[in-house]
Amino acid sequence: MVTIDLSGKHALVMGVANHRSLTWAIAQQLHHAGARVCLTYANERLKPMVEELAGHLHGSLVLECDVTQDRTIHAVARRLTRDWGSLEVLVHGIAYANKEDLEGKFVATSRTGFQLALEVSAFSFLNVSHHMLPLLEKNGASLLTLSYLAAERAVPNYNVMGSAKAVLEQSVRQLAWELGARGIRVNAVSAGPVSTLAARGIHGFLSMQRHHAEKAPLRRNITKEEVGKAALFLLSDLASGITGEILYVDAGYHVMGV
Ligand code: NAP
């Protein structure tokens with residue numbers, strides 16, 4: 001029988017906001033598979049919620065990390081070096097764009113809005129991987145980020161976040177090539193729409209979700225638990241031969257032509 005056993009492995013899961021977060025579903029799967037988990041949250045406002053969630057994951061750590069502040073990324077790396085000494089799993093589930101850039105005209109995206117969205121949602125994956133590299137290369141790690149179909153298709157209102165996801169997916173491939181030489185795998189899950197804090201920031205998200213459910217081969221939306229299970233597969237040894245891959249967890253929506 002094939003089982004996933006992550007006991008003895010250390011997993012850094014970045015970008016937990018609340019119990020709806022896709023990263024929370026992934027963290028639960030990693031914990032159940034036996035990994036020790038460190039959750040990071042963006043700011044003080046989220047701390048009580050994330051600490052409460054972490055209470056369900058025995059032995060987990062909770063640290064603050066705003067990816068626009070290198071000092072907080074350094075602090076996480078220092079703490080994990082001291083407490084764990086290695087990282088076998090890194091999950092990046094972080095995205096942000098100004099509200100006006102997710103409902104106005106894409107053509108009118110401001111310079112600062114474009115920079116912010118790409119910095120937080122794409123550059124951060126690269127930057128965090130860089131800061132964690134000494135920990136990641138100890139035993140050969142598996143990295144995962146979360147993307148969306150707007151990386152490659154035009155999606156109304158997704159605007160600058162589509163640009164960020166395109167850069168993110170290219171980073172997955174480029175990092176896979178570069179870090180493969182150190183035994184590190186890099187993949188992404190491209191998830192269908194799930195109602196989370198970030199998703200609700202997209203203008204018209206609920207009608208987009210209804211449209212997905214009507215058109216997808218499975219005739220329904222996906223759940224965050226399905227994202228968690230696919231992520232666990234990619235992060236585990238079952239996927240030892242897979243890197244640079246974008247795995248669609250979208251009830252098949254992306255295969256449709258009409
Ligand atoms: P979520 O729960 O709102 O998670 C997004 C996280 O990013 C939040 O914890 C958010 O914190 C964090 N973040 C924003 N700016 C940050 C910063 N400067 N430093 C550190 N963290 C920061 O929503 P989610 O839907 O699960 O999103 C997780 C990932 O999945 C995102 O990359 C998203 O694009 C992707 N995704 C989502 C869907 C979907 O339909 N839900 C589909 C495909 C892909 P704050 O709450 O403080 O901003």
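Indexing begins at 1, ligand by ligand and atom by atom, following the structure's order. Heavy atoms only: backbone and side chains are in, while hydrogens, waters and symmetry mates are out. For reference, positions follow the sequence shown, starting with 1.
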(message) Tell me if the centroids of the rings in His10 and Trp84 come within less than 6.0 Å of each other.
(response)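 Under 6.0 Å, so yes.
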
Any [X] heavy atom less than 4.0 Å to ligand 1:
X	answer
Ser124	no
Lys165	yes
Arg45	yes

Considering heavy atoms of the protein only, find what lies nearest to [atom] and give residue, atom and distance to 0.1 Å.
atom	answer
atom 18 (N) of ligand 1	Asp66 OD1, 2.8 Å
atom 46 (O) of ligand 1	Leu197 CD2, 3.8 Å
atom 48 (O) of ligand 1	Tyr96 CD1, 4.4 Å
atom 44 (C) of ligand 1	Ser147 O, 2.9 Å
atom 40 (O) of ligand 1	Val194 N, 2.8 Å
atom 28 (C) of ligand 1	Gly93 O, 3.3 Å
atom 38 (C) of ligand 1	Leu22 CD1, 3.9 Å

[X] and ligand 1 - part of the residue with a heavy-atom distance under 4.0 Å:
X	result
Leu146	both
Val120	side chain
Thr40	neither

(request) Salt-bridge test for Lys99 and Glu103: reply yes if a basic N is under 4.0 Å from a carboxylate O, no otherwise. (result)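 Salt bridge: yes.
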
(message) Taking Arg220 first and then Glu226, would you say they form a salt bridge - that is, a charged N and a carboxylate O separated by under 4.0 Å?
(response)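 Counted as a salt bridge, because a side-chain N and a carboxylate O are separated by less than 4.0 Å.
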
(message) Using the rule that Ile, Leu, Val, Met, Phe, Trp and Tyr join whenever any side-chain heavy atoms are under 4.5 Å apart, tell me whether Leu175 and Leu247 fall into a single cluster.
(response) no

(message) Out of Gly192, Ala95, Ala198, who is nearest to atom 3 (O) of ligand 1 when you count heavy atoms only?
(response) Ala198

Those atoms of ligand 1 less than 4.0 Å from some heavy atom in [X]:
X	result
Ile94	7 (O), 13 (N), 16 (C), 20 (C), 21 (N), 22 (C), 32 (O)
Pro193	40 (O)
Val16	9 (O)
Gly15	4 (O), 6 (C), 8 (C), 9 (O)

(message) Can you confirm whether Val16 sits close enough to Leu39 that some side-chain heavy atom of one is under 4.5 Å from a side-chain heavy atom of the other?
(response) yes

(request) State, with a plain yes or no, whether a side-chain heavy atom of His131 is found less than 4.5 Å away from one of His74. (result) yes

(request) Would you confirm whether Ser121, through its side chain, and Tyr96, through its main-chain N or O, come within 3.5 Å as a donor-acceptor pair? (result) yes

(message) Show, in sequence, the C-alpha distance, side-chain angles and deciding distance for Val155 and Tyr148, and conclude whether the side-chain contact (heavy atoms from CB on, under 4.5 Å) test is met.
(response) CA-CA 10 Å; Val155 176; Tyr148 177 59; 4.2 Å; yes

(message) Please tell me if atom 5 (C) of ligand 1 is touched by the protein, where touching means a protein heavy-atom distance below 4.0 Å.
(response) yes

(request) Determine, step by step, whether Arg79 and Leu63 satisfy the side-chain contact (heavy atoms from CB on, under 4.5 Å) criterion, reporting the C-alpha distance in whole Å, the side-chain angles of both residues, the deciding distance to 0.1 Å, and the verdict. (result) CA-CA 9 Å; Arg79 176 70 187 272; Leu63 301 174; 3.5 Å; yes

(request) Can you label the angle between the Tyr253 ring and the His211 ring as parallel, tilted or perpendicular, going by 30° and 60°? (result) perpendicular

(request) Report yes if Thr23 has an N/O atom closer than 3.5 Å to an N/O atom of ligand 1; otherwise report no. (result)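 No, since none of the N or O atoms of Thr23 sits under 3.5 Å from an N or O of ligand 1.
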
